[in-house]
Asker: 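Before I ask anything, here is the structure I am working with.
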Amino acid sequence: MNLKELFGVDPLSPRLEEYITSLFSAASLDRPPVPEVKAYLDAVYFNYYPVGLSILFSPKGGYKPTTGLKLADLRNESLTLDSIYIYNMPKNSQDRTEGTSLRAAELAFATYPISPFELTIDAVAKTKDGEIVPRPPKLEVNKETTGKDFVKALGEPDRKGGGAGPSSGSIGIWCEWTKDGIMVEFGGDEAKGPQAWERGKDAVWKIITIFS
């Protein structure tokens with residue numbers, strides 16, 4: 001499924017419901033796919049922790065959700081899907097057991113149950129000088145896909161950051177391909193510390209954000 005096709009739908013969309021249900025089925029979970037809701041004035045997050053997925057809905061038409069609203073209290077027709085976050089957070093990873101730099105909320109997420117999955121790519125990109133760089137139409141992502149794999153398919157990122165400071169407490173490196181609507185945060189020791197960018201090609205993805 002091309003996840004970008006879900007942009008603009010509301011929380012009650014049948015297509016979105018089918019997608020979420022398929023993830024719970026892939027994870028062999030019998031429980032109803034009910035999200036934990038985090039509501040703010042300018043954003044509402046639906047967190048599906050057991051399947052490593054978070055969805056950001058943006059309010060429209062002047063709607064301003066109250067912080068702390070429950071699922072039943074939301075005005076669904078005034079919410080539109082804006083971003084999708086996919087997590088690769090295995091329970092037994094060193095990041096989870098020893099690391100101190102992870103945001104506490106990330107620790108609640110399991111790993112996305114579908115592997116591999118595909119990210120759609122605009123098959124043509126241009127350098128800063130206007131030179132056309134051909135690219136594959138899609139990138140197949142699995143649990144071990146590294147920074148080198150992303151750059152090979154997508155080219156050099158439009159924005160990047162992280163990796164500075166000591167290995168403990170450092171922010172992991174991240175790359176964003178703005179025109180593709182893809183941001184990737186990387187985990188593991190390779191993604192942290194003063195030499196993070198030298199080792200980053202071997203760092204495995206931790207969170208992929210797909211945005212409109």
Asker: Any donor and acceptor pair, going by atom type alone, linking the side chain of W177 with main-chain N or O of F150 inside 3.5 Å?
Answerer: no
Asker: Group every Ile, Leu, Val, Met, Phe, Trp and Tyr by side-chain heavy-atom contacts under 4.5 Å, then state whether Y48 and L23 land in the same group.
Answerer: yes
Asker: Would a distance-only check, ignoring hydrogens and angles, find a side-chain to backbone donor-acceptor pair under 3.5 Å from R31 to P50?
Answerer: no
Asker: Roughly how far, to the nearest 0.5 Å, is CG of L154 from NZ of K179?
Answerer: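 It comes to 11.0 Å.
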Asker: Ion pair present between E140 and K138, side-chain N to carboxylate O less than 4.0 angstrom?
Answerer: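 Result for this pair is no, no salt bridge flagged.
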Asker: Is the backbone N or O of R75 less than 3.5 Å from a side-chain atom of Y63, with the two atoms forming a donor-acceptor pair by type?
Answerer: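 Answer holds: yes.
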Asker: Looking only at non-hydrogen atoms, find the nearest pair between L71 and P35 and report the distance.
Answerer: CD2-CD, 4.2 Å
Asker: Mind checking the CD-CD spacing from E185 to E176? Nearest 0.5 Å is all I need.
Answerer: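 Here the interatomic distance stands at 10.5 Å.
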Asker: Going by atom types only, do S54 and N47 share a side-chain donor-acceptor pair under 3.5 Å?
Answerer: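 The criterion, which ignores hydrogens and geometry beyond distance, is satisfied for N47 and S54.
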Asker: Please check: side-chain N/O of R15 versus main-chain N/O of L6, any donor-acceptor pairing under 3.5 Å?
Answerer: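 Side chain of R15 to backbone of L6, a donor-acceptor pair under 3.5 Å: no, none is there.
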Asker: Answer yes if L139 and V133 sit in the same cluster of Ile, Leu, Val, Met, Phe, Trp and Tyr residues linked by side chain heavy atoms under 4.5 Å apart, and no otherwise.
Answerer: no
Asker: Between N2 (side chain only) and K4 (backbone N and O only), is there a donor and an acceptor less than 3.5 Å apart?
Answerer: yes
Asker: Take I207 and W174 through the side chain to side chain contact (heavy atoms under 4.5 Å, CB included) test and state the conclusion after the steps.
Answerer: CA-CA 9 Å; I207 306 171; W174 57 268; over 6 Å; no
Asker: Using atom types as modelled and distance alone, determine if a side-chain donor or acceptor of R199 lies under 3.5 Å from a backbone N or O of D189.
Answerer: yes
Asker: Check whether M1 and L53 end up in the same hydrophobic cluster, where Ile, Leu, Val, Met, Phe, Trp and Tyr are linked by side-chain heavy atoms less than 4.5 Å apart.
Answerer: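 Yes.
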Asker: Check whether Y45 and M183 end up in the same hydrophobic cluster, where Ile, Leu, Val, Met, Phe, Trp and Tyr are linked by side-chain heavy atoms less than 4.5 Å apart.
Answerer: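 No, Y45 does not connect to M183 through the hydrophobic network.
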Asker: Would F211 and F117 show up in the same hydrophobic cluster when neighbours are defined by side-chain heavy atoms closer than 4.5 Å?
Answerer: no
Asker: Quick check: does any side chain N or O of S25 sit under 3.5 Å from a backbone N or O of S22, one acting as donor and the other as acceptor?
Answerer: no
Asker: How close do T80 and G8 get, counting heavy atoms only, and between which atoms?
Answerer: OG1-CA, 3.0 Å
Asker: Apply side chain to side chain donor-acceptor pair (under 3.5 Å) to residues T146 and D149 and explain how you reach the verdict.
Answerer: CA-CA 5 Å; T146 64; D149 299 319; 3.1 Å; yes
Asker: Keeping the roles fixed (side chain from D82, backbone from S58), state whether a donor-acceptor pair exists under 3.5 Å.
Answerer: no
Asker: Could you give the distance from CD1 (I55) to CG (L81), rounded to the nearest 0.5 Å?
Answerer: 5.5 Å
Asker: To check you understand the geometry: which heavy-atom pair defines the closest contact between K38 and Y49, and what is its length?
Answerer: CE-OH, 4.4 Å
Asker: Minimum heavy-atom separation for N88 and W205, please, with both atom names.
Answerer: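 Closest pair (atom of N88, atom of W205, distance): ND2-O, 3.0 Å.
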Asker: I'd like to know if the side chain of W197 and the backbone of G162 have a donor-acceptor N/O pair within less than 3.5 Å.
Answerer: yes
Asker: Taking everything shown except E17 itself, do over 12 heavy atoms lie less than 6.0 Å from its CD?
Answerer: no
Asker: Kindly give the heavy-atom pair with the smallest separation between E144 and N142, and that separation in Å.
Answerer: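 Shortest heavy-atom contact: N-OD1, 2.8 Å.
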Asker: Could you check whether S13 and D10, counting side-chain N and O atoms only, form a donor-acceptor pair closer than 3.5 Å?
Answerer: no
Asker: Just how far is it from atom NZ of K206 to atom OG1 of T111, taken to the nearest 0.5 Å?
Answerer: 12.0 Å
Asker: From T120 OG1 over to D180 CG, what is the distance, rounded to the nearest 0.5 angstrom?
Answerer: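 Those atoms lie 8.0 Å apart.
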Asker: For the pair N76 (side chain) and P11 (backbone), establish whether a donor and an acceptor sit closer than 3.5 Å, ignoring hydrogens and angles.
Answerer: no
Asker: Looking at V37 and F46, what are the two nearest heavy atoms and their distance?
Answerer: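 Closest heavy-atom pair between V37 and F46: CG2-CE1, 3.9 Å.
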Asker: Could you go through Y112 and Y87, starting from their C-alpha distance and side-chain angles, then the distance that decides it, and tell me whether this counts as ring pair (Phe, Tyr, Trp, His ring centres under 6.0 Å)?
Answerer: CA-CA 6 Å; Y112 192 71; Y87 287 77; 9.8 Å; no
Asker: With rounding to the nearest 0.5 Å, note down the distance linking OH in Y40 to CG in L69.
Answerer: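 Result: 12.0 Å between the selected atoms.
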Asker: So R159 and T178, do their side chains get closer than 4.5 Å, heavy atoms only?
Answerer: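 Side-chain contact under 4.5 Å: yes.
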